[in-house]
Each structure stands twice: as structure tokens, then as C-alpha cells.
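Down below is the structure, laid out as C-alpha cells.
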Amino acid sequence: MKQRCFWVSDDPLYIEYHDNEWGVPVYDDDKLFEFLILETFQAGLSWITILKKRENFRKAFDNFDYKKIAKYSEGKYEELLQDAGIIRNKLKIKATITNAQLFMKVQEEFGSFSKYIWDFTNGKPIINKFEKREEVPATTELSDAISKDLKKRGFKFVGSTVIYAHMQATGMVNDHTTDCFRYHEV
């Protein structure tokens, strides 16, 4: 049996996510935005809750197309508030629309969101060597700095914990524990 990170349950969705996505470096703006949305909605909830609703989010938010989301009308916002398939949090829905608009501003300034975010790690993943659950942080000085910069740009729901989770998910940091079979693969 494969050894996985401590947080993976026996839920097939979690296993699939861990084994194929979590910690794999993402340089594609579309995928980075998708994770930013999902992390925004995850704030205060469990990740498995978000994974189970991921396809609903995909449908509700036009396949995570930030160009479309940035132009959402008040009517679309109201429609999202009625969508039982997603997390119906007014502030998080508003934040998603705002963040889509700001995401494009970052693209204009840096050429891509990927270049902007990965510049914080010099374009390469930070390889951690955590052995136990207790060693894996919820935030770091780097997630604090990225969070601060995003907030300065007007982004919402981008606290240091959300940003560190984003960094883990998108492979900016390799936080697979050293006993996990994925540690040496990503």
C-alpha cells in the first residue's frame, strides 16, 4: 500500500487529488486562478468539502474563466447566491469577481499571474523536508509577504493561511511529507 501524506483520508476524491494534483507545480494562469477561487471558498471549511463541490464551482463560475467572471453582473451575482451546488457566501462570491478583475491587472503588469506569483520563489518550488504533521506550517514568512502584496493590490480572502494552502496546492512548496510516495515525484 502506498504511503501518503497524513491529511489524506480514504475518500477516493481526496486520494485522486493528492496523488495527481496537490503539490505539482502549476505555471498556467487558468489553473492558478481556479485554485485561487477554490482556496477562497475553502477558507474556514475543509478541503474535502470544496473538492466535492469542485465540478459545481466549475459550472457556476464559467469553467473558472476569470475574463468572464470579471464582467459578472449583479444578476449573475444574485444567481450564484441561489446556487445550492456551491458555497453561497456573499463575501466570497463578491471576492471572486473582484479577484478576477485584479488577476487581469496583475497579468497586465507582469505579463502573467504565473510570473508574478512564482517570482516570490525565484520560479522554482521550495522543497521542504517535513516528516511529521506538526512540522507542516499553516503560514510562513513568504506566505505572509505574498498575502500582504495581494491585499495591497486589493485582492480579498487572501490571508496568509489561504495563500500558504494555495502555495501547497500549486506546488510552489513541496509539502508532501518525506515518507509520502509523491515527495520525490513532484
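Index from 1, following the sequence. Computed from a predicted structure; not experimentally measured.
No more than 12 heavy atoms of other residues, nucleotides or ligands sit less than 6.0 Å from atom NZ of Lys115. The neighbour count for Lys156 NZ, taken as heavy atoms of other residues, nucleotides or ligands under 6.0 Å away, does not exceed 12.
Note that the CD1 atom of Ile37 and the CD1 atom of Ile50 stand 11.5 Å from one another [nearest 0.5 Å]. A distance of 11.5 Å separates CD1 of Ile93 from CD1 of Ile69, quoted to the nearest 0.5 Å. Thr96 OG1 to Phe61 CZ: the interatomic distance, rounded to the nearest 0.5 Å, is 4.5 Å. To the nearest 0.5 angstrom, Asn99 atom CG is 12.5 Å from Glu39 atom CD. In this structure, NZ on Lys53 lies 12.5 Å from CD1 on Ile48, to the nearest 0.5 angstrom. Taken from CG in Asn89 to CG in Leu81, the straight-line distance is 9.0 Å, to the nearest 0.5 Å.
Ion pair Arg4/Asp19 flagged as a salt bridge, since at least one NZ, NE, NH1 or NH2 atom sits closer than 4.0 Å to an Asp/Glu carboxylate oxygen. Checked for salt-bridge contact, Asp83 and Lys59 miss the test: no charged N lies under 4.0 Å from a carboxylate O. A salt bridge links Arg153 with Glu109: the distance from a Lys NZ or Arg NE/NH1/NH2 to an Asp or Glu carboxylate oxygen falls below 4.0 Å. Looking at Lys105 and Glu108, no side-chain N of the basic residue comes within less than 4.0 Å of a carboxylate O on the acidic one, giving no salt bridge. A salt bridge is absent between Lys52 and Glu16; no separation between the charged side-chain nitrogens and carboxylate oxygens falls under 4.0 Å.
Hydrophobic clustering, with ILVMFWY side chains joined whenever heavy atoms are under 4.5 angstrom apart, groups Tyr66 together with Phe155. Using a 4.5 Å cut-off between side-chain heavy atoms of Ile, Leu, Val, Met, Phe, Trp and Tyr, with links allowed through other members, Leu91 and Ile86 fall into different hydrophobic clusters. Note on Ile126: it does not cluster hydrophobically with Val24, by side-chain heavy-atom contacts below 4.5 Å among ILVMFWY residues. When the side chains of ILVMFWY residues are joined at heavy-atom separations under 4.5 Å, either directly or via intervening members, Leu80 and Phe157 end up in two distinct hydrophobic clusters. No single ILVMFWY cluster, assembled from side-chain heavy atoms under 4.5 Å apart, contains both Val162 and Phe64.
The ring of His18 has its center closer than 6.0 angstrom to the ring center of His176. Between Trp47 and Trp22, the gap from one ring centroid to the other reaches at least 6.0 Å.
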key: Glu135 vs Thr177, side chain to side chain contact (heavy atoms under 4.5 Å, CB included): CA-CA, chis, key distance, verdict   = CA-CA 9 Å; Glu135 295 174 324; Thr177 47; over 6 Å; no
ask   = Are Lys76 and Lys68 close enough, and set up right, to give a side chain to side chain contact (heavy atoms under 4.5 Å, CB included), and what steps lead you there?
value = CA-CA 11 Å; Lys76 177 65 176 180; Lys68 285 184 181 175; over 6 Å; no
query = Could you walk me through whether Glu141 and Lys148 pass the salt bridge (charged side-chain N to carboxylate O under 4.0 Å, His left out) check?
reply = CA-CA 10 Å; Glu141 286 183 22; Lys148 187 176 180 183; over 6 Å; no
ask   = Could you walk me through whether Ile15 and Val8 pass the side chain to side chain contact (heavy atoms under 4.5 Å, CB included) check?
value = CA-CA 6 Å; Ile15 292 169; Val8 183; 3.9 Å; yes
task = List the steps, then state whether salt bridge (charged side-chain N to carboxylate O under 4.0 Å, His left out) holds for Lys2 with Glu185.
result = CA-CA 13 Å; Lys2 290 181 179 175; Glu185 293 182 359; over 6 Å; no
Test side chain to side chain contact (heavy atoms under 4.5 Å, CB included) applied to Ile127 and Val173, step by step = CA-CA 6 Å; Ile127 311 300; Val173 293; over 6 Å; no
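Looking at every heavy atom in both residues, Ala70 comes nearest to Gln101 through O-NE2, 2.9 Å. Of all heavy-atom pairs between Lys31 and Val26, the closest is CB-CG1, 3.5 Å. Thr121 and Met172 get closest at one heavy-atom pair: CG2-CE, 3.9 Å. Closest heavy-atom contact between Pro25 and Pro125: CG-CG, 3.7 Å. When all heavy atoms of Ser9 and Tyr14 are compared, the closest pair comes out as OG-CD2, 3.2 Å. Heavy atoms only, all atoms of each residue included: Leu13 and Asp11 are closest at N-OD1, 2.7 Å.
Of the candidates Phe35, Phe33, Phe103, Phe113 forms a ring pair (Phe, Tyr, Trp, His ring centres under 6.0 Å) with just one, namely Phe103.
Scanning for ring pair (Phe, Tyr, Trp, His ring centres under 6.0 Å) contacts around Phe6 gives an empty result, with sequence neighbours left out.
Pairs engaging residues 90-103 under the salt bridge (Lys or Arg N to Asp or Glu O under 4.0 Å) rule: Glu74-Lys94 [sequence neighbours left out].
Between Tyr164 and Asp175 the shortest side-chain heavy-atom distance falls below 4.5 Å. When side chains are defined from C-beta on, Ser143 counts as touching Met167, because their heavy atoms get closer than 4.5 Å. Between Cys5 and Phe181, the closest side-chain pair of non-hydrogen atoms is not below 4.5 Å. For the pair Thr178/His184, no side-chain contact is recorded, criterion being any heavy-atom separation below 4.5 Å from C-beta on. Here the side chains of Asn174 and Asn128 are not in contact, with every heavy-atom distance at 4.5 Å or above. Under the 4.5 Å side-chain criterion, counting only non-hydrogen atoms from C-beta, Ser114 is in contact with Leu32. Between Thr49 and Ile87 the shortest side-chain heavy-atom distance falls below 4.5 Å. Side-chain contact between Glu34 and Arg58 is present, with at least one heavy-atom pair separated by less than 4.5 Å.
Between the side chains of Asp144 and Ser160, a donor-acceptor pair is found at a separation under 3.5 Å.
Between the side chain of Tyr77 and the backbone N or O of Ile97, no donor-acceptor pair lies under 3.5 Å.
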